[in-house]
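Below: one structure, written as structure tokens.
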Amino acid sequence: MKSEPHRRKGIRIMGGLIGLVKPLLPVMFLAVLLGTLGYICAIFLTILAGYGLLRLFFEAGQPGTLFAALGILAVLRGLFHYGEQYCNHFIAFKLLALIRHKVFAALRRLCPAKLEGKDKGNLISMITTDVELLEVFYAHTISPIAIAAAVSLIMTVFIGRFSPLAGILALAAYVTVGAVIPLVCGKRGGEKGLRFRNRFGDLNSFVLDSLRGLDETIQYRRGEQRRKAMERRSEDLGRMQKELNDLETFQRSVTNLAILGFSFGMLFLMVCLRRQGLADGTGMVLAVVAMMGSFGPVSALANLSNNLNQTLASGERVLSLLEEEPQVEDISGRPAAAFEGASAERVDFSYGGEEILKDYCLEIPRGKILGIHGQSGCGKSTLLKLLMRFWDVQGGAVKISGRDIRQVNTGNLRNMEAFMTQETHLFHDSLANNIALAKPGASRQEIRAAAEKASIHEFIESLPKGYDTEVGELGDTLSGGERQRIGLARVFLHGAPFVLLDEPTSNLDSLNEGVILKSLKETKKDQTVILVSHRRSTLNVAELVVEMESGRKS
């Protein structure tokens with residue numbers, strides 16, 4: 001996530017984002033209609049006021065009808081504007097929920113192969129601030145563009161009735177203010193907007209990393225170093241923000257200058273036409289008033305374009321994630337398989353250009369506890385992830401029950417396997433629910449039995465709220481060993497026939513290790529267990545032990 005991707009064109013980004021609005025097109029059309037009517041009411045308030053003043057001044061008419069008409073237009077303007085805003089925000093909030101669902105589905109699809117080593121702070125930035133910024137696009141961009149186009153067309157026709165030249169000048173003004181200036185300025189700020197969003201994600205990552213390493217920072221007195229590094233990143237982000245603000249200020253100045261120029265141009269044109277007898281006094285005044293009062297929709301486009309740079313940058317990041325293809329595709333629709341053993345046959349696997357496994361073979365008989373011993377970095381954990389099909393092999397095959405794992409339904413595979421990693425993650429929930437993650441709907445009795453096998457029951461019972469204790473309340477007071485035992489409780493509760501344990505007792509003392517290994521052996525029954533460890537004591541429970549050195553079985 002640190003590299004800055006090639007930026008696609010803004011039109012393509014907008015097209016991709018608009019594609020998500022298909023389920024709500026009727027509401028979008030209603031928003032555009034109400035917005036167009038609202039702006040027409042606002043513009044004709046000014047036109048009618050000018051026309052009424054002319055009538056009153058030259059013909060001494062009654063003001064009552066004029067005031068009534070103005071009042072009606074003002075009320076309609078308010079109602080139409082409210083309706084437009086309601087529709088836009090309805091669409092925005094509905095679509096934000098839809099986009100969040102799509103983003104999490106994409107992360108689930110890409111996980112874990114394409115998320116391994118990803119910048120988590122940048123992902124958090126994408127899930128939170130990038131998605132939130134899209135609300136600006138859906139609520140304040142799509143319909144304003146359509147409304148500006150509709151209103152500009154209507155006003156071009158209206159002004160063109162007084163003079164075709166005036167209509168052409170009005171159209172040129174609307175196109176310049178609403179399209180040319182925003183596109184030119186947007187092109188200048190587009191790359192800056194994308195860099196700003198990526199740098200913002202980098203800063204999130206740095207802050208997250210600093211919080212996680214707070215103990216080490218204090219211990220080794222590196223607080224000042226981290227503070228200066230954060231200050232440099234913040235200043236860099238501030239400079240980029242200033243550049244974007246300067247672009248926005250420049251664009252506003254150019255937009256205002258263009259509006260004044262075209263307004264005076266219309267005045268000059270209509271005066272000339274009046275002198276030549278090609279327009280009457282009323283037409284001259286109304287054309288100028290209409291021109292000056294109708295820049296609202298297009299100037300709104302000009303004002304949003306700089307914010308739109310960041311919005312489109314966020315949209316590009318989100319769309320890129322949604323479009324990213326997973327390295328490991330889920331499998332479905334194949335005949336269900338029962339676990340009858342597993343094997344690795346001449347497996348080759350590299351990660352990040354580094355060869356991890358080469359021509360590796362291993363037979364895993366059903367109903368046995370197989371120990372794999374080896375030093376860190378020899379490929380033990382990688383083998384387990386290949387058995388889980390977190391990654392696909394680049395050569396050879398991993399098989400379950402004699403079938404290539406790439407031909408086994410993903411859901412079927414997950415039900416057959418239970419995997420405990422070296423680091424057990426606990427969610428901000430109760431301890432009971434954290435254990436029940438392995439078996440949704442598990443009874444409290446089942447959860448307790450699993451905790452007893454994992455030698456964590458007594459610790460949980462000693463807590464004031466027992467199994468209902470929120471993990472968040474404990475903070476960092478749970479030791480690594482306690483977390484591991486909760487992870488083992490999940491494995492016991494899952495009850496899968498094929499159990500993969502990656503250094504399951506590395507943070508446990510010898511007493512708890514012995515209790516857990518005894519539970520593992522007693523409850524094995526028809527289970528097949530792979531026990532990975534670099535500690536010989538852990539492998540005493542294994543019936544078969546395989547030595548692994550640099551991706552090869554010795």
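Computed from a predicted structure; not experimentally measured. Atom set for the values below is all heavy atoms of this structure, side chains included, hydrogens, waters and symmetry mates excluded. Along the sequence shown, residues carry numbers from 1.
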Quickly, which of K228, R233, R227 forms a side-chain hydrogen bond (donor to acceptor under 3.5 Å, both in side chains) with E231? Name it, please. R227

With a 4.5 Å limit on heavy-atom distance, are the side chains of [X] and [Y] in contact?
X: I405; Y: L413; value: yes
X: L437; Y: H425; value: no
X: K385; Y: T421; value: no
X: L501; Y: L488; value: yes
X: D348; Y: V393; value: no
X: I181; Y: Q251; value: yes
X: N433; Y: F427; value: no
X: S143; Y: M28; value: yes

Partner residues of E354 under the salt bridge (Lys or Arg N to Asp or Glu O under 4.0 Å) criterion, sequence neighbours left out: none

With sequence neighbours excluded, what pairs up with R100 under the salt bridge (Lys or Arg N to Asp or Glu O under 4.0 Å) test? E132

Determine whether a donor-acceptor pair (N or O, by modelled atom type, separation under 3.5 Å) exists between the side chain of [X] and the backbone of [Y].
X: R414; Y: M388; value: yes
X: Q394; Y: S350; value: yes
X: Q484; Y: E503; value: yes
X: K380; Y: G374; value: yes

Roughly how far, to the nearest 0.5 Å, is CE of M292 from CD1 of I47? 12.5 Å

The reported gap from CE in M291 to CD1 in I259 (rounded to nearest 0.5 angstrom) is 9.5 Å

Might you point out which heavy atoms bring [X] and [Y] nearest each other, and give the distance in Å?
X: T469; Y: L463; result: OG1-CB, 3.6 Å
X: V491; Y: A418; result: CG1-CB, 4.1 Å
X: A290; Y: M155; result: CB-CE, 3.9 Å
X: L357; Y: G379; result: CD2-O, 4.2 Å
X: S430; Y: E470; result: N-OE1, 3.8 Å

F419-F390 aromatic ring centre distance below 6.0 Å: yes

Tell me, please, whether Y39 has R77 positioned over its six-membered ring: NZ or CZ under 6.0 Å from the ring centre and within 45 degrees of its axis? yes

Checking V471 against L431 for the side chain to side chain contact (heavy atoms under 4.5 Å, CB included) test, could you report, in this order, the C-alpha distance in whole Å, the side-chain angles of both residues, the deciding distance, and whether it holds? CA-CA 6 Å; V471 169; L431 287 169; 3.8 Å; yes

Classify the angle between the aromatic ring planes of Y174 and F295 as parallel (below 30°), tilted (30 to 60°) or perpendicular (above 60°). perpendicular

Plane angle bin for F90 and Y86 - parallel if under 30°, tilted between 30 and 60°, otherwise perpendicular: parallel

With a 6.0 Å cut-off (strictly less than), is the heavy-atom count around CD of Q375, excluding the residue itself, greater than 12? no

Working for side chain to side chain contact (heavy atoms under 4.5 Å, CB included), residues R490 and N434: CA-CA 8 Å; R490 288 173 177 168; N434 264 284; 3.1 Å; yes

Salt-bridge contact D246-K242 (side-chain N to carboxylate O under 4.0 Å): yes

One pair to check against side chain to side chain contact (heavy atoms under 4.5 Å, CB included): R406 and I331. What are the steps and the verdict? CA-CA 7 Å; R406 290 167 289 195; I331 302 297; 5.8 Å; no

